[in-house]
Amino acid sequence: MPSYRDYHRRSLADRDAFWREKAALIDWQTPFTSVLDYSRPPFAKWFVDGRTNLCHNAVDRHLAARADQAALVYLSTETGQDSRYTYRELHAEVNRFAAVLKSLGVGHGDRVLVYMPMIPEAVFAMLACARIGAIHSVVFGGFAAASLATRIDDAKPKVMVTSDAGMRGGKAVPYKHLVDEACRLAQHPPQKVVICNRGLDPAMTKVAGRDLDYAELRAQHMDAQVPVAWLESSEPSYILYTSGTTGKPKGVQRDTGGYAVALATSMRDIFCVAPGETMFTTSDIGWVVGHSYIIYGPLINGSTTIMYEGLPIRPDPSIWWKIVADHKVKTMFSSPTAIRVLKKQDPAYMKQHAIPTLKYLFLAGEPLDEPTARWVSDSLGGAAIIDNYWQTESGWPILSAHLGVEEMPRKFGSPSFPAAGYDVRLLHETTGEEVAAGEKGVLTIVPPLPPGCMTTVWGDDERFVKTYFGTFRDRPVYSTFDWATRDADGYYFVLGRTDDVINVAGHRLGTREIEEAVQAHSGIAEVAVVGVADSLKGQIPVAFAVVKDPARVATPEGIASMRKEVMDTVDRELGAIARPGAVHFVSMLPKTRSGKLLRRSIQALAEGRDPGDLTTIEDPGALEQIRAALALRP
Ligand code: ATP
Ligand code: MG
């Protein structure tokens with residue numbers, strides 16, 4: 001085994017040989033002719049002319065040796081369902097779903113929008129898309145109709161796959177009416193909507209001619225054998241939207257071959273899961289962690305993956321560890337927010353089950369603070385706690401410990417080192433020069449981006465280049481829009497974002513998106529939304545709004561009713577997850593002379609900190625109003 005340093009150095013200095021070896025971890029129907037085509041920077045094409053397929057690699061190729069091994073274990077503490085699908089059974093279900101999609105006219109390159117709760121059919125649908133070369137676009141089942149409609153119009157799906165309802169905390173959360181509403185709002189609604197009916201919403205209605213019942217369709221294709229579509233390595237496998245700080249969400253486009261190779265690499269070198277071993281990722285299929293480490297990563301690797309529908313504290317806060325014990329989980333992947341929720345419970349729950357098989361707990365999505373990391377490390381006893389840093393755009397870790405390569409010490413608060421192929425540099429915000437050890441810089445990646453990373457913004461190459469490679473005029477590097485430092489030993493520490501995004505209980509919401517939702521209320525003139533630190537949820541959105549008619553907020557009753565209307569508007573536009581924890585009314589907002597909102601200063605005041613450099617403020621009175629509003633209100 002090489003040392004981590006040699007491994008990483010080789011991934012950059014001897015790129016072709018390194019990735020050629022890694023490419024052998026997956027099956028190719030047609031071998032690639034070159035490892036990388038970087039003739040049109042910053043667009044990278046990995047494994048040129050190679051033909052492969054994600055579904056073949058995740059399912060079919062394991063049939064020879066693992067047909068009777070569990071591929072997918074599905075557990076729901078919401079419905080009580082407990083199912084196990086071997087690779088053979090998974091293969092059969094995926095073929096059925098693929099046959100259904102084909103019968104509806106879905107083919108190579110067509111988009112299928114998946115708006116689903118955490119049920120096995122969501123996995124079958126995604127793998128079925130991959131099988132026939134269709135592009136799935138999963139939208140987190142929790143987004144409101146308006147958000148769904150924007151994503152429908154961007155992806156223009158031929159077919160949508162949904163369910164009557166999700167379940168949360170024992171209550172059904174109807175989905176289907178949101179799909180109907182989104183289809184009404186959209187300019188390019190799908191021709192057909194396939195419904196996986198769980199029987200949770202008796203009030204669900206169907207649109208004649210458009211809505212189809214999956215169980216009925218499936219019954220017509222029980223013995224289906226749908227051939228795999230062999231895609232050129234760079235052909236898209238899926239689109240996944242980021243939370244969209246600029247209002248219009250960015251459709252991250254992923255390739256096929258590069259993604260499969262990157263995931264296979266990460267399963268061994270980072271996540272340390274062998275074929276036949278079990279991984280439990282607690283994320284949702286609507287997020288990138290779900291795509292990569294509930295579905296594609298473990299399955300491409302021939303491992304067993306656990307899909308869990310339910311809360312971490314129901315029926316009691318030991319449920320995750322019970323799952324780990326029952327299924328002999330080796331590697332778990334969750335988020336710091338979830339761990340903070342557990343931290344508020346009786347610590348005895350953490351020790352209720354013997355979990356000797358658990359070797360690693362990976363945490364990602366937001367900064368992992370030292371107290372939380374220490375607490376979970378102490379509570380779990382043996383398992384290594386591994387902070388890892390990445391983005392929807394990257395598709396797999398950018399920074400992580402690499403215990404599959406070399407056992408190196410970890411530091412609390414640090415996601416350790418760059419993954420293979422990532423040429424990470426910390427650059428000074430304005431000069432673009434590399435910063436010294438211990439200094440704060442923008443975390444950037446010198447292109448070409450490694451295999452697995454986004455290849456472009458769906459339908460908008462220019463936006464890809466401008467958004468991600470336009471930060472430093474003289475250096476066309478990829479910006480993550482996050483701040484970081486690196487210590488003298490080479491460990492990275494991620495400090496937060498250079499733009500404004502709110503992280504509510506692990507859900508990332510753009511402040512701009514929430515502001516736009518508030519502004520959908522016709523009585524609002526202007527609004528600033530900031531994330532305020534919250535010990536439980538990470539952050540909560542707080543809104544400062546300017547009303548068009550001041551008389552409406554002249555009385556306490558007026559304020560209360562306006563506040564409720566604003567919150568209801570956000571619920572409708574974006575979903576309850578984005579609802580501000582507080583709405584304050586002011587007559588003006590603090591802005592720079594160039595007209596930019598001073599969000600950072602507002603946030604500082606809301607968190608009781610110093611508002612910082614105010615030399616560019618247009619009217620200091622505006623900040624006084626924020627102070628006064630905060631003093632008055634909860
Ligand atoms: P958008 O790009 O639309 O604003 P988003 O950035 O909120 O969406 P994700 O791609 O899911 O959505 O989140 C990636 C971001 O999460 C990173 O850029 C970083 O800010 C944060 N993050 C992820 N992992 C870590 C980590 N281990 N430590 C600190 N921050 C992390
Ligand atoms: Mg982002």
Side-chain angles (χ1 to χ4, degrees), residues 138-140 143 147 150-151 154 239-252 254 270 283-293 333-340 361-370 372-373 385-401 410-419 422 424 440 442-445 453-454 457-458 463-464 467-468 471 478-485 491-516 529 531 538-539 541 574 577-578:
V138 183
V139 175
F140 175 65
F143 275 116
S147 312
T150 325
R151 287 153 178 85
D154 193 66
I239 309 167
L240 180 60
Y241 292 91
T242 67
S243 63
T245 47
T246 52
K248 193 179 167 223
K250 302 177 284 271
V252 166
R254 194 89 60 211
I270 297 175
S283 181
D284 189 281
I285 51 150
W287 308 127
V288 68
V289 174
H291 281 61
S292 293
Y293 297 109
F333 192 155
S334 190
S335 69
T337 313
I339 301 302
R340 282 194 281 268
L361 172 61
F362 285 81
L363 298 172
E366 57 195 282
L368 175 62
D369 58 288
E370 187 169 334
T372 301
I385 309 301
I386 301 171
D387 184 359
N388 61 120
Y389 161 87
W390 46 297
Q391 310 182 299
T392 309
E393 289 87 342
S394 70
W396 64 295
I398 296 171
L399 299 173
S400 180
R410 291 172 310 284
K411 297 189 184 185
F412 279 118
S414 167
S416 300
F417 312 119
Y422 287 100
V424 174
K440 172 174 142 174
V442 180
L443 202 161
T444 67
I445 301 161
C453 291
M454 80 186 291
V457 171
W458 171 254
R463 189 164 181 220
F464 173 64
T467 305
Y468 295 103
T471 307
Y478 171 90
S479 176
T480 61
F481 301 103
D482 287 307
W483 296 111
T485 60
Y491 288 78
Y492 285 82
F493 293 81
V494 178
L495 306 174
R497 305 153 169 281
T498 60
D499 54 6
D500 298 291
V501 162
I502 295 185
N503 186 334
V504 185
H507 302 289
R508 314 198 150 271
L509 306 161
T511 46
R512 274 287 298 274
E513 224 182 354
I514 304 176
E515 286 168 7
E516 279 172 17
V529 171
Q539 280 183 308
L574 217 51
I577 190 80

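Whatever order the structure lists them in is the order used to number ligands and atoms, beginning at 1.
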Are Phe333 and Trp287 close enough that their ring centers fall under 6.0 Å? no

For ligand 1, which part of Trp390 has a heavy atom less than 4.0 Å away: the side chain, the backbone, both, or neither? backbone

Under 4.0 Å to a heavy atom of Asn388 - the qualifying atoms of ligand 1, by number: 24 (N), 26 (C), 27 (N)

Quick one: look at Thr242 and ligand 1, take heavy-atom pairs under 4.0 Å, and tell me if it's side chain, backbone, both or neither. both

side-chain contact (heavy atoms from CB on, under 4.5 Å) assessment of Val252 paired with Gln391: CA-CA 10 Å; Val252 166; Gln391 310 182 299; over 6 Å; no

Asp387: numbered ligand 1 atoms lying under 4.0 Å from its heavy atoms: 26 (C), 27 (N)

Provide the number and element of each atom of ligand 1 under 4.0 Å from a heavy atom of Val494. 29 (C), 30 (N)

Looking only at heavy atoms, is any part of Thr392 under 4.0 Å from ligand 1, and if so is it the side chain, the backbone, or both, or is it neither? both

Aromatic ring centroids of Phe417 and Tyr491 under 6.0 Å? yes

Which of these passes ring-ring contact (aromatic ring centres under 6.0 Å, His included) with Trp396: Trp390, Tyr293, Tyr422? Tyr422

Nearest to atom 19 (C) of ligand 1 by heavy atom, Ile386, Asp482, Leu368: which? Asp482

Flag side-chain contact, heavy atom, 4.5 Å: Ile339 against Leu361: yes

Numbered in order shown, the ligand 1 atoms found under 4.0 Å of a heavy atom of Lys250 are 2 (O)

Cys453 and Arg254 have their tightest heavy-atom pair at C-NH1, 3.9 Å

Ligand 1 contact on Leu399 by region, counting heavy-atom pairs under 4.0 Å: neither

Do Thr480 and Val494 have side-chain heavy atoms sitting under 4.5 Å apart? no

